[in-house]
Amino acid sequence: MAEFLQTEAFKFAGEQGEQRVFEAVKAAFQDREALGWWRYPLVSETTVREPDILVIDPELGVIVIEVKSLPLSDLAGVSGYRWQLNRPYFGKTEINPYEQVKAQLQVIMRTLRGRPGLDRVPGRVIVATPLITRDEWDDAPFNTLIGDTPLLHGDQLTPARLMKALERTPLVAQGQPLDEAQWAALQRAFGTSGNIPKPKEEPVVTAPQSRSALVQAVRAAERPLDLQQERIAKTVPPGPQRIRGLAGSGKTVLLAQKAANMHLKHPDWDIALVFFSRSLYDQITGQVDHWLRLHSGGDTRLADAKHKLRILHAWGSRDQPGFYRVLADHADIRPLTVAETPYGHQAAKNLIYCAHDLLHKAEERQASLEFFDAILIDEGQDLVTEAPELRYAERQAFYWLAHRALRPVPAEPTLFDVDAPGPALKRLIWAYDEAQSLDSLMIPNTRTLFGDSDVFGPGATYKGGIGKSEVMRVSYRTPGPILVAAHALGMGLLRAGGMLSGPTRKEDWDRLGYDVQGRFNSKEPVTLHRPAVNSPHPLQALTGEPLVTFESHATREAEVAALVRHIQRDLREGLAPSRQILVVAVGRWAVDVQGAAAGALRRAGIPYYVPAASGTNRQGDNKEPNRFWHDGAVTVTTVHRAKGNEADVVYVLGLDQVGLDEQDLAVRNQLFTAMSRSRGWLHLSGAGMAGTPFEQEVRSVLASGDTLRFMPHVPRRRTDDEDLYA
C-alpha cells in the first residue's frame, strides 16, 4: 500500500487545485508500493520552492508534478515550454513550468548519485492543470505550438487516466524499474534513516569480531524507512505539537531536521530550537547544518540561516545568547544572573524562576514578549518543576514563557474551511522522555504545562492529518537488551519491594514498545517483552558477546582498576577514545566516583576529558561549557553532563551509590539516563555491593534478557500517558 505525507495543511485558496491533484495521485497509487509527499522539503536556489507533489515508485522511479491552477482564460499563448499570461501569476507574466519542474527533478537526481544501486533510477516530470480539460487545451487558439510540455489535465484525474498519463510521459532521467534492494535504497535516500550524519570519529578496524569491526558493521547496516519519523521531521504543524519518545528514538535528530525544514519552507519566519544541556550545542548545531545543506542541495548552511533560525540554550550567558536572555532583551527587561536566583546548584529550578520573573515583569510593564513564529524544545522533561511557587497562573512558567513568545499563527481564510474559528494557535513543539528527568518527576504533558488553557483546539489532528501528538516507540540508537535493562532498573520493576515508577496500563507499555501479558490490576504476574521490531539495532545479531555486563568490586580502587583494563582492551580493538568510549558516574557522590575514574586513567597513561574543561587531564575548570568531547581523550562525566550524548561503549560506575538511595526516583532516573547513552555495549559496576538487595536486583534484570516477569504493584510515580492527545 502506498503512503503519502502532507507536510503542511492546505490553507490558501490557491492551493485548492494542488489539493485536488494530490488526492487524485493518492487514489491512483493507493494499491501500489509507492511513497509520496505534498511539498517535500527540497528548497535551493535552483528550485526556488519545494516540489508540489513528489512520488517515488519501484516501477516508475521518481515523479515530480508541478501544479498550475490556471484557467485557460489566463493563458495568452504558449511557445515551446514558455507560457505567456494575460494577468500576472505570482507576479510573473511569463512562466516556464516544465523547466521549473525539470530543475527540481535534476536536484533530486543529483542527490541520488553516488548512492549504491541508484545511478539508473528513472525520473519523469509532468505539469498538472486541474482547471483546464484536455479538450479545452486542444481547442485553444494557440494549439499549434503546445506539444512540448507533458500535461495532466483536469479531466485526467481519475486513477486509470492519471496512471496512463504518467506512463506516457517521457523520461527526463533514463533508468529501469527497481529491484527490491534498489527500492529499499531509494526510500532510505528520501528519508531520515538514510541521511543521518555519521559519527565524527570512526574506529580503526583491527580484526574480525573486534569491537571496531563490529562498530563498522553496525554503521554499514541499512536502517529501514520509518514513516513516523518522516511525519515528525518533514511536517510543519499549524499549531502546537507534543513529541514523546523513549531513549534512542531520535528526538533530537528529528527536531533539528524539522527546524531546518521550517526555515527552508518559510525563510521569513523567526524560529528557535531550544535545549537544556549546554553540552549539546555542537551536536544540535551540526545536525541543523547537515539538514539545511541536504534539503537545499548544498545552497543553505546554518551560517546563512542563523539570523532567522536560532539554536539557543534555554538560559544563555553573557557571551552566548540563550532563549531566556533573548526574550528579556527583547522586552527591555534586565535578565537575572545566576547569583540572583535562590535555588543554589539546581539549574532547572533557577531557570524556571527566571522565566517566572520575566513573565511577571512583562505583565507589569505591559511589554510584549512575542518574538518567534515557531519554537521547538528538546529535553522538555528538564524544564518543568513541582514547586508550587514557580507555577505561573497554574501553568509551567518556562513553557508559558515560550507560548507567550510566539506570534499567533495567522488564521487564513480558505475556500474549503468553513468551520468556526478555534483558539489562536501557536507553533510550540516540545519533545521529551519522562524517564530521563533528572531534577523533576513531573511529566510534561499538555495538562501539566498549560492547565486548563486550550492551546490545541478541538480534535487529535490538524487538517491534512498532521498529528497534535506523536509517541515514538522504536529505539534505533540503544540495543534492545540495554534498553530493557535500563527501563527495568530505572523503574525498579524487579526490586523486592515492587516497582517504583512506570506505566500501569497495557496501552502505555505498548507506547513504550513492549508486548504485555497479564493485567496490572490483578494479583497475577505481568510479563513484558520487547520485540526486535521495536529495537532494530543490528549489534545483537552480529556478536554472541553479551551487550550488558555487570561487575561488583570490593573497593572503589578495584572498580576503577577494572575500568582501566576494559578501556585498554577497547583501544587495542581499534575504538577511538573520544566519542566511542564514555564513562559516566551516577549516584549521590558521583563527582567523587568521577574523580577516582579520572585519576586511574591518568595513572595508566590514558588521556581523559571532563566536560567543560579547557583541556585534557583536568578535573574541570568550566572554561568551555559547550564542550563534551576532546579528541584523543576518554570523556569521564556525571550523568547531568552526559544527557543527550552517546557512545559505542558506555561504562556506568558507582552503582553502589544508587543502591544506597535505591528508593529515590531521581537517582533511578539518573541510572536509566546513563545506561541509555550506549549505542553498542554497556558495562555496569559498583563497589561494596556484594550481597545487597540492589546487587541481586541488577543480576536478576540482566538474567531476564528481553523479557521481564514481575508482580504488579502500584508505583509511587505513575507515568501513564493521560494526555488528551496521546
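A quick note: this is a predicted structure, and the numbers were derived from the prediction, not measured.
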Carboxylate-amine/guanidinium proximity below 4.0 Å for D282 and R627: no
Residues which pass salt bridge (Lys or Arg N to Asp or Glu O under 4.0 Å) with E646, listed by chain and number, not counting sequence neighbours: R477, R679
Partner set under side chain to side chain donor-acceptor pair (under 3.5 Å) for Q228, not counting sequence neighbours: E470
Test side chain to side chain donor-acceptor pair (under 3.5 Å) applied to D304 - qualifying residues, sequence neighbours left out: none
Plane angle bin for Y40 and W37 - parallel if under 30°, tilted between 30 and 60°, otherwise perpendicular: perpendicular
Counterpart residues, salt bridge (Lys or Arg N to Asp or Glu O under 4.0 Å), relative to K258 (two or more places apart): none
Carboxylate-amine/guanidinium proximity below 4.0 Å for R579 and D631: yes
Pairing residues for E3 by the side chain to side chain donor-acceptor pair (under 3.5 Å) criterion, not counting sequence neighbours: none
Electrostatic pair R32-D57, nearest N-O below 4.0 angstrom: yes
Qualifying residues under side chain to side chain contact (heavy atoms under 4.5 Å, CB included), relative to T635, sequence neighbours excluded: L582, Y609, P611, F628, W629, T637
Mutual orientation of the aromatic rings belonging to H313 and Y281 [parallel < 30°, tilted 30-60°, perpendicular > 60°]: tilted
Step-by-step ring pair (Phe, Tyr, Trp, His ring centres under 6.0 Å) determination, F10 to W38: CA-CA 10 Å; F10 292 106; W38 178 67; 4.2 Å; yes
Side-chain ion pair, E167 and K164, N-O less than 4.0 Å: no
Partner residues of R427 under the salt bridge (Lys or Arg N to Asp or Glu O under 4.0 Å) criterion, sequence neighbours left out: none
Pairing of K68 and E66 as salt bridge, 4.0 angstrom limit: yes
Contacts of Q176 that satisfy side chain to side chain contact (heavy atoms under 4.5 Å, CB included) - sequence neighbours left out: none
Selection residues 529-544 - residue pairs positive for side chain to side chain donor-acceptor pair (under 3.5 Å), sequence neighbours left out: H529-T707, R530-S535
Under the side chain to side chain donor-acceptor pair (under 3.5 Å) test, residues paired with Y514 that sit two or more places apart: H487
A185: side chain to side chain contact (heavy atoms under 4.5 Å, CB included) partners, not counting sequence neighbours: L118, R188
Set of residues satisfying salt bridge (Lys or Arg N to Asp or Glu O under 4.0 Å) with respect to K308, sequence neighbours excluded: D270
Note, Q257 side chain near T192 side chain (heavy atom, < 4.5 Å): yes
Cation-pi geometry met for R211 and W681 (6.0 Å, 45°): yes
